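Here is the structure we will look at, set down as C-alpha cells.
No experiment lies behind these values; they were computed from the predicted model shown.
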Amino acid sequence: MTEMPTGPSPERTDLATVTFLRSARPAPDASPTDAAPALGGITETTDRAAVVESARRVLEGRVTLEKAPVEKAEVEKTELDLDAFDDRPLIPAWAKSAEGWAMYSGVVYRSRLRAYRRWVRRQRTERGHAAQFRRGARRVQDWVTGFEGIQTQALAHQAHIAAKEARAAARAARYTPALMKNKKKTALLEADRTQTVAMQAVNAHKQAKNYRRKLRALRAGAAYGPPLAAISTGYLGAGAFGATAGALATFAGGAFAGREVVVEETDWSADWRSLGDGDPMTAPMLDEVFRHAKVIGAEETLHIVQMPMLDARGAWSAVIDLPPGIPAKKAMRALSEIASALGVEDAQVSMTKTKGKGARSGRLEIYVSKDLPFTESAEAGPLLALEAATNFWGRIAIGPDVRGLPMSISVVERSGLVGGEPGAGKSASGNVILLAAALDPRVILWLADGKGGGDLEPFEELCEWFEGDADPEAFYEMLKAAVADMKARYALLKKLGKRKVTEDLANKYPLLRQKLLWVDELMFYTTDDDFGKKITKLLRNLVSRGRAAGIVTFCATQKPGSDVVDTSLRDLLSIRWALRCTTPEASDTILGKGAAAAGYSAKTIEPEMRGAGFLWAEGSNPALVRADYYTDDQVELLIKRAYDLRDAAGTLPDGPKTLADQLRDKGEQDADVLAVLVDVFNAYDQEAKEEDATGEVDWLPGTVLVDALKAAGLDISPEKLARLVVREDAEKKKRTWQDSASALNGYPLTAVLRAVQSKYGLTA
C-alpha cells in the first residue's frame with residue numbers, strides 16, 4: 001500500500017490511499033463517468049467523502065482500471081516476472097492465463113491418454129482383462145468341480161474290484177461239488193463275505209456320487225447364480241441395456257478372480273526354460289548352460305566381461321571368461337552341448353576367441369542368433385551398385401557373417417579351395433570371386449569347368465583360355481601353357497630386378513597382368529587315369545610358384561580328400577571355404593585336421609543355409625559367412641558391364657592365339673625366327689590344300705626358309721638356322737622341290753615343331 005502526504009488538519013481528511021483488488025472488474029452497470037482517474041490502482045483526493053466513495057466503487061468492482069503511462073525506456077528495462085504471486089502465494093500469475101489453463105487441461109488429457117494406451121497395450125498380455133477373465137473362469141470352474149471326484153473315482157474302482165471278486169467267489173461256490181463238504185462250506189462263506197463287501201463298496205460309491213453332486217450343485221449355484229441373476233434381472237428391468245450391464249458386471253467379477261498370474265498354472269516346466277523358449281540371456285543362465293555342457297564344474301561360475309546384450313537383429317551376445325585352467329577351445333568343442341542347453345540349433349550359436357587388446361586364452365565371445373541364420377532371402381550384392389571397375393588387387397567383398405557384418409578377403413599372392421556337398425552353393429559362392437575378377441579389366445581369366453554343365457559358360461567371352469568340355473587332356477594343355485607363362489613372368493621379373501609382381505608392375509607390363517585360374521570340379525581332372533597325376537603335378541607347381549608371379553589359383557570340388565586332391569597340393573591352398581558337408585571328416589579335409597573338433601564343422605550348417613560356409617582366409621579362426629547371391633539375370637548384367645569395361649580398356653581376349661603369335665609374344669629373336677618358319681609352312685600348306693584337298697606340306701627347302709626370314713627382316717645364316725632347328729639324321733635327307741633339277745637340303749615341319757616345344761614348351 002502506498003501512502004500519500006498528510007496535511008496539518010487534526011481530522012486527517014487526507015486519508016491514506018486505497019489499494020484496489022486485482023480481481024476487481026468493471027461492474028456491468030459501470031459507465032465511463034464512473035471511472036475515476038487512476039494510477040496503478042491508487043486514487044488521490046483531498047475530499048474525505050470522495051475517498052470513501054472511490055473505495056466503495058473499487059470494492060464493488062465498478063471501477064474501470066487504466067494502466068498508468070510508462071516511459072518507453074522504463075518499459076525496455078522492465079521484464080515480465082512470470083513467477084509473481086498474488087494474494088494466494090502458491091499459484092503464480094501465469095497459471096491464471098489462458099496458456100496456464102490449457103497446460104493444466106493438457107496435463108490431464110495427456111495423462112489420461114497415456115493411461116488409455118497402457119491399458120490397450122496391457123490387453124495383449126497376461127495382465128489384460130480378457131486373460132484375467134479366462135483365468136478367473138478357469139479358477140471358478142476348478143472350485144466348482146472340487147476334489148470330491150477323486151474320492152468318487154477311488155470308490156468306483158474299489159466297487160468294481162469287489163464286484164469282480166464276489167462274482168468269482170460265487171462261481172467257485174456254485175461249481176464246488178457237494179461231496180467236498182468242507183470246501184463247499186468254505187466257498188459259500190467266501191461268497192457271502194465278498195458279496196457283502198461288494199454291496200458295501202457299491203453303496204459307498206453311490207453315497208460319494210450323491211455327495212459330489214450336491215456339493216457341485218451348491219458351489220455352481222454360488223458361483224454361477226449371481227451372474228445369471230444379474231443378467232436376468234437386468235434384462236427384465238432394462239432390456240438389452242440391463243443385460244449388457246449384468247454381463248459387464250459378470251466380466252468384471254471374473255477378471256477380479258483372475259487378477260493374479262500364477263506361473264505354475266500355465267507353465268509346469270519353468271525350471272527347464274531356456275533361450276530358445278524366449279527367455280532373456282542372463283549370467284545365471286550362462287552358468288547353468290556351461291555346467292550342463294560339462295565345460296565347467298558344478299561349483300564353478302563364469303566371469304561375465306560383457307553383460308548379455310540384445311542387438312537390433314534380436315540376437316544375444318556376451319563376452320565371458322572361463323574359470324582358471326579352462327581354455328576357450330574346450331567350450332568351442334562343446335558347441336553342440338551348449339546349443340542344446342540353450343534350446344537352439346547348433347548353427348545359431350557362434351563362439352569365437354576375442355581378438356586385440358584384452359584377449360585371453362580363456363576368454364571368448366558367444367553369439368546366439370534369434371533364428372536360424374542365412375535362411376532369409378539374400379540381399380543384392382555390392383557389385384550391382386558399383387559403377388566403376390573393381391580392383392582385384394584390393395579386398396573382395398564376400399558376403400555377410402552371422403552378425404550381418406560384411407566380410408572381405410584379399411587374394412593377392414594367395415590361392416584357394418572351395419568345397420562342399422552337391423547343392424551347397426559352390427557355384428553361387430564362386431561367382432563372388434569370378435565377378436570381382438571379371439569387373440577388373442586388367443585381370444586375365446583362365447577357366448576350366450570339370451562339370452561341363454555350363455556354370456562358367458557366361459564368362460567364356462571374357463576368357464583368354466576356356467576349357468568347358470571337361471576334357472582332362474585339354475586341361476593338361478592349359479596347365480602347361482600356364483606354367484610356360486609363369487616362367488616367362490619370372491624371366492621378365494629377373495630382368496627388372498624384382499622378386500614378385502606388384503600392382504604397379506602389372507599396370508606397366510602387360511605380361512605381368514594378374515591372372516585368375518579357376519578350376520571347377522577339380523575331382524574330374526585329378527582322378528583321370530591318363531592325365532590325373534600329370535595335372536596334379538602341374539597344379540602343385542603353379543600354386544607353389546605362381547603366386548609371386550601374379551597367378552591366383554582357385555579350385556572347387558565336392559570332397560577334396562587325399563584320393564581326389566593330393567595333400568601336397570591341398571596344403572598349399574591358403575584360402576579355405578567349407579560349405580555344407582555331410583560329415584565332420586569331410587569338413588576337416590577342407591578346413592584342416594582338427595577344425596571340426598575345435599567347433600568349426602561344416603556339418604552343422606543346415607540345408608536351408610544355402611551358400612553359407614566356414615571361410616578361413618584371415619585370422620586364426622574360420623568365420624561363418626554366406627556368399628552374396630547373384631541371380632542369372634544379374635550375372636548376365638555384370639558380365640555385360642565387364643565386357644564393356646574390357647572393351648574400353650582394350651583387354652578383351654583375341655581368341656585362341658596361333659602358335660606363331662604365341663612365339664612372337666615371347667619377345668626373343670629365336671622365337672621370332674621360329675614364328676616365321678611356322679607361318680611359311682602354314683602358307684605353303686594352305687596353297688597345297690587349295691589345289692588339292694588332300695595335299696599337305698610337311699617339308700620345305702632351306703633356301704625357301706632363309707628367303708622368308710630375310711623378307712621378314714631377320715638376317716639369319718643357314719648355319720645358324722641349322723643350329724636352331726636341330727634335325728635328326730633321317731631328316732637331313734635331300735629332297736626334290738617343285739621344278740628343281742637336283743635334290744635340295746631342307747627342314748621337315750616336325751623338326752620345327754620339336755624345336756618350338758623343346759625351347760618354349762609350346763605345341764601346335
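- The side chain to side chain contact (heavy atoms under 4.5 Å, CB included) test with R127 is passed by exactly one of R122, R121, R259: R122.
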Exercise. Q634 and T631: side-chain contact (heavy atoms from CB on, under 4.5 Å), yes or no, with the steps?
Worked result: CA-CA 5 Å; Q634 292 171 346; T631 63; 3.2 Å; yes
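- Closest of all the heavy-atom pairs between A438 and L462 is CB-CD1, 3.8 Å.
- For R442 and D440, the salt-bridge test passes: some basic side-chain N is under 4.0 Å from an acidic carboxylate O.
- Contact check for P308 versus L286: side-chain heavy atoms found under the 4.5 Å cut-off.
- Of the inter-residue distances, the one linking L572 atom CG with S544 atom OG reads 6.0 Å to the nearest 0.5 angstrom.
- Side-chain atoms of N507 and E503, non-hydrogen and from C-beta on, do get closer than 4.5 Å to each other.
- For R403 and Y367, the positive end sits near the middle of the six-membered ring, less than 6.0 Å away and at most 45° from its axis.
- Looking at D287, its side chain does come within 3.5 Å of a backbone N or O of L302 through a donor-acceptor pair.
- R570 places no side-chain N or O within donor-acceptor distance of the main-chain N or O of G592, the cut-off being under 3.5 Å.
- Between I605 and A578, the shortest heavy-atom contact is CD1-O, 4.1 Å.
- The side chain to side chain contact (heavy atoms under 4.5 Å, CB included) test with L638 singles out one residue from N431, D633, L434, L383, and that residue is L383.
- Counting heavy atoms from C-beta on, the side chains of K426 and Q558 come closer than 4.5 Å.
- Heavy atoms only, all atoms of each residue included: T651 and P441 are closest at OG1-O, 2.8 Å.
- Looking at R610, its side chain does come within 3.5 Å of a backbone N or O of G423 through a donor-acceptor pair.
- Residues R395 and S410 have side chains that never bring a donor and an acceptor to within less than 3.5 angstrom of each other.
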For this session: May I have the step-by-step check of side-chain contact (heavy atoms from CB on, under 4.5 Å) for I575 and V411, ending in yes or no?
Result: CA-CA 8 Å; I575 298 175; V411 298; 4.1 Å; yes
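- A salt bridge links R626 with E376: at least one charged nitrogen is closer than 4.0 Å to a carboxylate oxygen.
- Remark: side-chain polar atoms of Q348 are paired, donor with acceptor, to backbone N or O of S369 under 3.5 angstrom.
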Problem set entry | Intermediate values then yes/no, side-chain contact (heavy atoms from CB on, under 4.5 Å), M486 and N541 | CA-CA 10 Å; M486 177 185 66; N541 183 14; 3.8 Å; yes
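- The aromatic rings of F614 and Y600 stand perpendicular to each other, their planes meeting at an angle above 60°, with 30° marking the opposite boundary.
- Checked by atom type and distance alone, the side chain of S429 pairs as donor or acceptor with a backbone atom of G425 at under 3.5 Å.
- Between the side chain of R414 and the main chain of A617, a donor-acceptor pair closer than 3.5 Å is present.
- For the pair T390/V443, no side-chain contact is recorded, criterion being any heavy-atom separation below 4.5 Å from C-beta on.
- Judged by distance alone, the side chain of R547 and the main-chain N or O of E413 form a donor-acceptor pair under 3.5 Å.
- Using a cut-off of 4.0 Å between Lys/Arg side-chain N and Asp/Glu carboxylate O, K593 and D588 are scored as not salt-bridged.
- Contact annotation: the side chain of L637 never approaches that of I639 to less than 4.5 Å [non-hydrogen atoms, C-beta and beyond].
- Around CD of Q306, the count of heavy atoms belonging to other residues, nucleotides or ligands within 6.0 Å exceeds 12.
- A donor-acceptor pair shorter than 3.5 Å can be found between the side chains of D455 and S427.
- Note on E387 versus R641: no salt bridge recorded, every NZ/NE/NH1/NH2 to OD/OE distance being 4.0 Å or above.
- Heavy-atom contacts from other residues, nucleotides or ligands closer than 6.0 Å to CD of Q123 number more than 12.
- Here R291 does not pair with E300 in a salt bridge; the nearest charged N to carboxylate O distance is not below 4.0 Å.
- Using a 4.5 Å heavy-atom cutoff, the side chains of C581 and E421 are not in contact.
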Exercise. Please walk me through it: do R363 and I320 pass side-chain contact (heavy atoms from CB on, under 4.5 Å)?
Worked result: CA-CA 6 Å; R363 177 172 295 178; I320 59 176; over 6 Å; no
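- Proximity of W446 to L516: side-chain heavy atoms (C-beta onward) are nowhere separated by under 4.5 Å.
- Salt-bridge formation is detected for the pair D644/K640: a Lys NZ or Arg NE/NH1/NH2 atom is positioned less than 4.0 Å from an Asp or Glu carboxylate oxygen.
- Annotation: side chain of K515 is not in contact with side chain of V552 (no heavy-atom distance under 4.5 Å).
- The backbone N or O of K370 lies less than 3.5 Å from no partner atom in the side chain of R313, so there is not a single donor-acceptor pair.
- With hydrogens and angles disregarded, no donor-acceptor distance shorter than 3.5 Å links the side chain of S587 to the backbone of S601.
- Ring geometry, W518 versus F554: the interplanar angle falls under 30°, so the pair is classed parallel (tilted spans 30 to 60°).
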